[in-house]
Amino acid sequence: ELTVPKFLAALEAGATRGIYRSAEKPDVTGTPTPRFDLLDLRKYLHVGIQFSRGCPFNCEFCDIIELYGRVPRVKTPPRMFKELEALLALGYRGHVDFVDDNFIGDKRAAKAFLRSLIAWSEEHGSPFYFSTEATITLAADAELLDLMRRADFRFVFVGIETPDPELLRQTQKRQNTLAPLADAIKRLNESGMMVYAGFILGFDGEKAGAGAALSACVEETRVATAMTGLLASLPNTQLDRRLAKEGRLLTRSARTEVRPWEVDQMTGGLNFMTRRPRGEILDEYRTALARLYSAENYFERVRGFLAWFKPHGRHRPSARLFPQFVWTFLQVSAHFLVRPTLAGPYLRTLLAAARHGPKHVSLAVILAAFYIHLGRQAAHVVGHASEQIDELSRVGEAEFLLRRGLEASRVPAG
C-alpha cells in the first residue's frame, strides 16, 4: 500500500531505475475492499479476507514478524462488514477464511470484533462460517473460545512445531510451553473448531528420536491434518541471519551449473548445514510421514478427533447443496471401498461418526477426501526423502551438496 504508489509515480515520471521502500507499516483500516466481483465464486471452497496484520511473538524461524511487524494492526468492524457485505451482494454463502497469520495477535481487538461479528451474523441470518490461524494460547482464553464458537469459527490452524519444550524455548516459541498440547487441542475441539497444525523437524539441538516424538505428539493431539515439514531458513528471518553469521546457510555455488532449488518445506527444507547428520534427520522424517499418513493411523486420529469434537453452527447450508454433498459422499466412498487397504479404516470411521450425528459424518467425509490427497502427497515426499538418503549414503554430504550446486558460506553482518 505504501511502496507501490512510490514506484508507480516514479515510473510515470520516466524513471528507469530505483529502489522503493517504506519503513513504516501500512494502516490496514485504509485497505480497499477486495474485488470479489472478479472471481467466479463457484470455483472456490472458501474466500479469504483479512482482519489483522502483525504478531506480537518473536519466533526465530518466522518471517511473518519481518514482513508485517510485531505490533498487530487491525481493521475496524465497519470495514470488515463492508467486505462481508460485498460477498453477500454477490450471492456468496458459506466458508470465509480469515487469512491473518495470528488472528488473536491483539486479543482485545479480536474480542471486540467478534462481539460485533456475532451481532452482524445474527442480523443477516448467519450467512457465513469461518476459519483462521492463531497461536495455541487461544485455548487458554475461555472468553475468546466462547466468542469464536458463537461467531461460528469451525477450523483453526496452529503452529505446534515440536513437542520438545527445550527446542521451543531455543527457537523463542515459549508460548507453546505454557500448557500440555493435547489438553489445549482438546479444548479447541470442544469449542467446535477442528485443528490443523504445523510440525517441523530439523531444529538445532534436536536429539535422535525427534521424529518418533513428533509422530507421538500428532497422535496424542489427534490432529488429522498435520502439516509436517523440514526446517527451512526463510529469507530475512532471525534464523536466516544467525545461520549466515555462523557460515551455515547454503547458497548457490558460482562455479556449478545446477537445477533449480526446491523451496517447499517437505522436499526442499534443510537449506543449511544441520547440526546432526542430514541423513539421520531425513530418515526420521521419512519414517514419521509414513507412520502419520498410513491409512490406519490417519483414520484412527480422525476417530479420536471426532470423539473430542463438539460441533456448533449458526450457519445452515442451503438445501440446494444437499445433492452436491450426496454426490461427493458417493465419489469419496467409491474411492475408498474399491481399495481393500483403505476400505476398513474408512468404514470404521464412518460408523464412529454416525454414532455422534450428521455433523460428525460430514466432517468424516471431508477428512476422508483430504486423505485422497494427503496419502499421495506423503508417499511422494517419502519417496523423495528416500532418494536423498540413498544418495547421501553413497556419496556423503559434501558431494551431495556439491551436486546441487550448494555451499555453506559466511555472509558478512549487515
Side-chain angles (χ1 to χ4, degrees), residues 57 59 102-104 131-146 148-149 153-171 173-201 203 206-207 209-229 284-285 287-312 345 348-349 352-353 355-356 359-360 363-364 366-367 370-371 374 378:
F57 296 107
C59 306
N102 185 4
F103 181 77
I104 63 168
S131 61
T132 194
E133 179 174 350
T135 52
I136 197 70
T137 55
L138 167 63
D141 193 320
E143 181 187 13
L144 194 49
L145 284 177
D146 179 63
M148 292 184 75
R149 180 183 181 88
F153 276 74
R154 300 187 185 181
F155 307 94
V156 61
F157 179 90
V158 298
I160 292 178
E161 322 309 358
T162 173
D164 186 332
E166 184 55 41
L167 291 180
L168 290 169
R169 285 187 285 270
Q170 177 183 303
T171 58
K173 192 152 190 170
R174 295 175 181 84
Q175 65 270 23
N176 278 28
T177 66
L178 301 178
L181 289 169
D183 291 348
I185 299 299
K186 184 179 181 183
R187 280 195 292 274
L188 294 173
N189 292 160
E190 289 175 342
S191 296
M193 286 180 279
M194 186 175 84
V195 175
Y196 307 101
F199 295 85
I200 299 174
L201 206 62
F203 289 113
E206 214 171 54
K207 299 177 180 66
L214 185 153
S215 300
C217 177
V218 175
E219 291 162 0
E220 182 187 15
T221 55
R222 306 183 184 185
V223 174
T225 49
M227 187 181 77
T228 307
E284 290 192 12
Y285 180 58
T287 303
L289 273 184
R291 170 177 165 179
L292 292 175
Y293 287 103
S294 71
E296 287 287 350
N297 198 314
Y298 177 83
F299 282 102
E300 183 178 351
R301 295 200 306 280
V302 172
R303 293 192 294 274
F305 151 68
L306 292 173
W308 279 353
F309 184 62
K310 294 181 180 178
H312 55 79
R348 286 194 294 275
T349 302
R355 296 188 192 103
H356 297 289
K359 290 183 179 179
H360 285 74
L363 264 180
I366 289 170
L367 287 166
F370 284 4
Y371 186 75
L374 294 170

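Everything numeric here is computed off the predicted structure, so don't read it as measured data.
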With heavy-atom distances below 4.5 Å as the criterion, would you say the side chains of Leu144 and Leu138 are in contact? yes
With sequence neighbours excluded, tell me which residues meet salt bridge (Lys or Arg N to Asp or Glu O under 4.0 Å) with Asp183. none
Side-chain donor/acceptor pairs under 3.5 Å, residues 190-197, sequence neighbours excluded:
unit_1: Ser191; atom_1: OG; unit_2: Arg187; atom_2: O; d: 3.0

What is the minimum heavy-atom distance between Gly211 and Ala288, and which atoms define it? O-CB, 3.9 Å
Are side-chain heavy atoms of Leu363 and Phe305 found at a separation under 4.5 Å? yes
Would you give the length of the straight line joining atom CD of Glu166 to atom CG of Leu168, rounded to the nearest 0.5 angstrom? 9.5 Å
Does Lys173 reach the main-chain N or O of Glu161 with its side chain, forming a donor-acceptor pair under 3.5 Å? no
Leu201 CG to Leu214 CG distance, which is reported to the nearest 0.5 Å: 6.0 Å
On a heavy-atom basis, the closest approach of Ala134 and Asn102 is CA-OD1, 3.6 Å
Under the side chain to side chain contact (heavy atoms under 4.5 Å, CB included) test, residues paired with Ala224 that sit two or more places apart: Tyr298, Val302, Leu367
Taking side chain as C-beta onward, heavy atoms only, is Leu188 less than 4.5 Å from Trp308? no
Could you walk me through whether Met148 and Thr132 pass the side-chain contact (heavy atoms from CB on, under 4.5 Å) test, one step at a time? CA-CA 10 Å; Met148 292 184 75; Thr132 194; 4.0 Å; yes
Please check this pair: side chain of Glu284 against backbone of Ala210, looking for a donor-acceptor N/O pair closer than 3.5 Å. yes
For the CG atom of Asn176 and the CG atom of Asp164, what is their distance to the nearest 0.5 Å? 12.0 Å
Does Glu300 have any side chain to side chain contact (heavy atoms under 4.5 Å, CB included) partners at least two apart in sequence or in another chain, and if so, which? Arg303
Which residues pass the salt bridge (Lys or Arg N to Asp or Glu O under 4.0 Å) test with Arg301, not counting sequence neighbours? none
Is any side-chain heavy atom of Arg348 less than 4.5 Å from a side-chain heavy atom of Phe299? no
Sequence neighbours excluded, the answer for side chain to side chain contact (heavy atoms under 4.5 Å, CB included) partners of Glu220 is Ala182
Are any non-hydrogen side-chain atoms of Ile185 and Arg222 less than 4.5 angstrom apart? no
Interatomic distance, OG1@Thr225 vs OH@Tyr371, rounded to 0.5 Å, equals 13.5 Å
Pro311 and His356, any side-chain heavy atoms less than 4.5 Å apart: no
Output for pair (Asn189 CG, Lys186 NZ), nearest 0.5 Å, gives 9.5 Å
Correct closest heavy-atom pair for Pro163 and Leu181 would be CA-CD1, 4.3 Å
Over all heavy atoms of both residues, which pair between Ala364 and Ala353 is shortest? Give the atoms and the distance, please. CB-CB, 3.8 Å
Using 0.5 Å steps for rounding, measure from the CD1 atom of Ile104 to the CD1 atom of Ile136. 9.0 Å
